[in-house]
Number of protein chains: 2
Amino acid sequence: MPRKSSVTIKDVARKAGVSIATVSYAFNNADSISDETRQRVFAAAAALGYRPNVRARNLRTQESRILGYSWHPLPKDHWHPVLDRFIYGMAEAAEAEGYHILTFAGSTGDDVWSPYEELLTSGRVDGFILSDTNENDPRIRCLLDRGFPFVAFGRANEAWDFPYVDVDGETGIYKAVKHLFDLGHRRVGILAWPEDSLTGEYRYAGYKRAYKEIGLVADPQWTVRCLNSVDESATAIETLMHLPPDRRPTGVVTMSDMIALGVINKLYAMGLQPGRDMAIVGFDDIPTAQYIHPSLSSVRQPIKAVSHLAVEMLLSLIRGEKLKRRQVLLEPDLIVRASSGVSIG
Amino acid sequence: MPRKSSVTIKDVARKAGVSIATVSYAFNNADSISDETRQRVFAAAAALGYRPNVRARNLRTQESRILGYSWHPLPKDHWHPVLDRFIYGMAEAAEAEGYHILTFAGSTGDDVWSPYEELLTSGRVDGFILSDTNENDPRIRCLLDRGFPFVAFGRANEAWDFPYVDVDGETGIYKAVKHLFDLGHRRVGILAWPEDSLTGEYRYAGYKRAYKEIGLVADPQWTVRCLNSVDESATAIETLMHLPPDRRPTGVVTMSDMIALGVINKLYAMGLQPGRDMAIVGFDDIPTAQYIHPSLSSVRQPIKAVSHLAVEMLLSLIRGEKLKRRQVLLEPDLIVRASSGVSIG
DNA sequence: TTTACTCACTTAAACGTTTAAGTGAAAGGG
DNA sequence: CCCTTTCACTTAAACGTTTAAGTGAGTAAA
């Protein structure tokens, strides 16, 4: 059944008048090949349009030069705010080193591990990039146990020592709160994720840090927990708005632009003007953030840097090198737009 | 260098007391293997945790069971509205048939073809899915010339006979215009892409069809050409708004939600109320469309269907089957929201 | 002059499968 | 009872590389 593939190392060897080993050495620039022979080999290869067959090479070298990445389908009306940039960044970084990215669909059930297992044991990929990690993430546990190369975008169980890149959400939220303080706000609320969210708690720590630093005490009522949905955030902001005017926050930071959108919509629905009657800062800097009304201040994650770094770390691991830094936190930037309102000094 | 891979067909054969050929036949469920032997082989394989090595299989069968997909990085502030869903859909469909998706970064220069050539001649992929096609797309031309399997999401040169799936943009815009007619509008404008955009012209045909059907004549001044940017669309809508009130459109359809966002912002900036002073319909149904203010009516592309169909067609081509339908147009849906305004009957 | 070493290759094995061809036993037909 | 066919396997070649080991010529050292 296997049809002859177009042009192989044998054809090049014949044409150049050398053995196939010489061709291989020439291509892998071993130094025991004379310049003259190397030129002859390259000329023959070019004339025939030869390209080494990656399948044969993979079998021989026991590698695939492919990195696996999967993400979970999000519920309807949700979306991964910057996934395209993330995948593109990984592909860029991988291709610079002769690797490629295989994107696979994570299982929808509770058995998140088995697609990874499949790709791993069949030799399809040399390593994994993980994202959307959570504490006690079974994927991390299994990969650690197997000693299989991977790098996570996101932290997990602090007792586990595994390589990751993450965005310093604490600093992100800290910057957001500080920004509102700088504008003169003294009562800043937060719509935070439930306490079981690791990422959420890192970010929430930034809220507390900002208060501590400025020497104020945040009223516990200014912290409202809500999930990543427009509906929940509408309810949450309502809770805040129903506080008595002199104890009601004048600004609010949120865990995602999605939540910020819910806040904006709810404020409009209550006849209020977002940005004027309530300062709002989002998180993610989704592409539309700058175009909505009012344009949304938001914490922007350095996605390109994250993706490049994660891939570079993974390639180091695959090559058996020791990482200089196994855990890296990258600082996000605050993008200030109209939803912050103006100084109320 | 090549370390022994974990457990191979030989180990299974030894454990089951058969030859490796028998193991292979058992796994590829050939019918010349007795049930009893098959059970023994499976038991041995399960006990050892055997999984066929995909690299060896690939070499032997001269295939990779990988489909390549690339997209171009968009300029800053632009984004591929539904890319994550598209890739996810492809991965889903491919995995159901034992294939995987390799996402690679298209070249940023003018040599769009070479990354494809590389993956093709090295045997990395068995076929390609293309998107963001344009007329005389060099990728399509080269792939056709080589006879290499591919399916495009999007049409191209009408003289070329190649397999594609596309969304029927004409019907999409037709539905949008008709919808505004139904609300009582009689002067509906369009912010259309420049005439060199193939996709744009298909959609523009829907605009003309709607007018023809209702028996009205669209004033040429109601067609304003603009690129896919917020800035250009702001200028474009301004042009429309500067027409005398009795000859100014009362509603406008656009080629993308991005353009619609620019329109909304500009109208606010002019002190007007989008949805009330001007009905607006977008295209793409980006995730935020339902959350912005006013929520945006939009033409939604059936991305999941497109991605699944494209993959299925590609797999048929790879298997050498004849396609029942080489060219498929899928109908988009109009999602009606607040930006359409209410009936002005 | 012999010996040892370097150089620039070649030979051949291996990577783990798939699959065409071969084989021996059992069954069936005359 | 012999011949053919079927069944259920096994043997062995092949897929296209990489790379350890081998080789013969030329050079340098003793």
Side-chain angles (χ1 to χ4, degrees), chain A residues 1-42 44-45 48-66 98 120-124 126, chain B residues 1-42 44-45 48-66 98 120-124 126:
Chain A
M1 190 82 72
R3 57 215 157 107
K4 270 261 178 222
S5 69
S6 39
V7 33
T8 77
I9 201 171
K10 279 184 195 163
D11 303 314
V12 178
R14 186 162 341 113
K15 176 141 188 144
V18 295
S19 71
I20 63 164
T22 302
V23 176
S24 176
Y25 283 127
F27 265 90
N28 298 309
N29 43 63
D31 45 2
S32 67
I33 300 292
S34 72
D35 276 354
E36 189 255 327
T37 306
R38 193 187 304 274
Q39 293 312 323
R40 232 180 36 250
V41 168
F42 284 172
L48 296 171
Y50 169 73
R51 193 90 43 145
N53 183 301
V54 86
R55 291 186 290 247
R57 197 217 301 269
N58 286 349
L59 173 58
R60 172 61 220 218
T61 61
Q62 299 284 75
E63 57 184 17
S64 64
R65 291 185 173 266
I66 288 183
L120 186 162
T121 56
S122 65
R124 188 58 106 183
D126 292 344
Chain B
M1 190 81 71
R3 59 216 154 101
K4 271 260 177 224
S5 70
S6 39
V7 31
T8 76
I9 201 172
K10 279 184 196 166
D11 302 315
V12 178
R14 187 161 343 113
K15 176 141 187 142
V18 295
S19 72
I20 63 164
T22 302
V23 177
S24 176
Y25 282 127
F27 266 89
N28 298 309
N29 43 62
D31 46 1
S32 67
I33 300 292
S34 72
D35 275 354
E36 191 254 326
T37 305
R38 192 187 304 274
Q39 293 312 322
R40 229 175 44 246
V41 168
F42 284 172
L48 296 170
Y50 168 73
R51 192 90 44 142
N53 184 301
V54 86
R55 291 186 290 247
R57 196 217 302 267
N58 286 348
L59 173 57
R60 173 61 221 223
T61 60
Q62 299 285 74
E63 59 184 15
S64 64
R65 291 183 174 266
I66 288 183
L120 185 161
T121 56
S122 65
R124 190 54 107 184
D126 292 344

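Order of the sequence lines fixes the chain letters, A, B, ..., with proteins taken first and strands second; residue numbering starts at 1 for each chain.
Between B:Arg57 and A:Ser32, the residue whose closest nucleotide on DNA chain C is further toward the 5' end is A:Ser32. For B:Asp35 and A:Ser24, each mapped to the nucleotide of DNA chain D holding its nearest heavy atom, the one lying further toward the 5' end belongs to B:Asp35.
Atom NZ in A:Lys10 sits roughly 14 Å away from atom C1' in D:dT18 (whole-Å rounding). Rounding to whole angstrom units, CD1 of residue B:Ile20 and P of C:dC15 are separated by 12 Å. Rounded to a whole Å, the CZ atom of A:Arg55 is 21 Å from the P atom of C:dC15. The nearest whole Å value for the distance from the CG atom in B:Leu59 to the C1' atom in D:dT17 is 8 Å. When rounded to the nearest whole Å, the span between CZ of B:Arg124 and P of D:dG16 equals 17 Å. For the pair B:Gln62 CD and C:dG16 P, the computed distance is 18 Å after rounding to whole Å. Atoms CZ (B:Arg38) and P (D:dC7) sit 15 Å apart, rounded to a whole Å. If you take OH of A:Tyr25 and C1' of C:dA8, they are 11 Å apart, rounded to a whole angstrom.
The residue A:Asn58 sits apart from the nucleic acid: no heavy atom pair falls under 4.0 Å. Among the atoms of the strands shown, none is found under 4.0 Å from any heavy atom of A:Phe27. Nucleic acid contact class of B:Val18 (heavy atoms, under 4.0 Å, all strands): sugar-phosphate only.
For B:Ser19, the listed nucleotide lying nearest its side chain is D:dT11; candidates were D:dT11, D:dT19, C:dG16. In the set C:dG16, C:dT19, C:dT10, C:dT19 carries the atom at the smallest distance from any side-chain atom of B:Ala21. Of the candidates D:dA8, C:dC15, C:dC9, the closest approach to any side-chain atom of B:Thr37 belongs to D:dA8.
Judged by atom type and distance alone, B:Arg60 reaches the base of C:dT18 through a side-chain donor-acceptor pair under 3.5 Å.
OP1 or OP2 of D:dC7 has not a single side-chain nitrogen or oxygen of B:Ser34 nearer than 4.0 Å.
At a threshold of 4.5 Å between non-hydrogen side-chain atoms, the residues A:Arg124 and A:Ser64 do not count as touching. Put simply, the side chain of B:Val41 does not reach to within 4.5 Å of the side chain of B:Arg38, judged on heavy atoms. Here the side chains of A:Arg55 and B:Gln62 are in contact, with some heavy-atom distance below 4.5 Å. For the pair B:Ile9/B:Tyr50, a side-chain contact is recorded, criterion being any heavy-atom separation below 4.5 Å from C-beta on.
Side-chain N or O atoms of B:Arg51 include none that pairs as donor or acceptor with a backbone N or O of A:Thr121 at under 3.5 Å.
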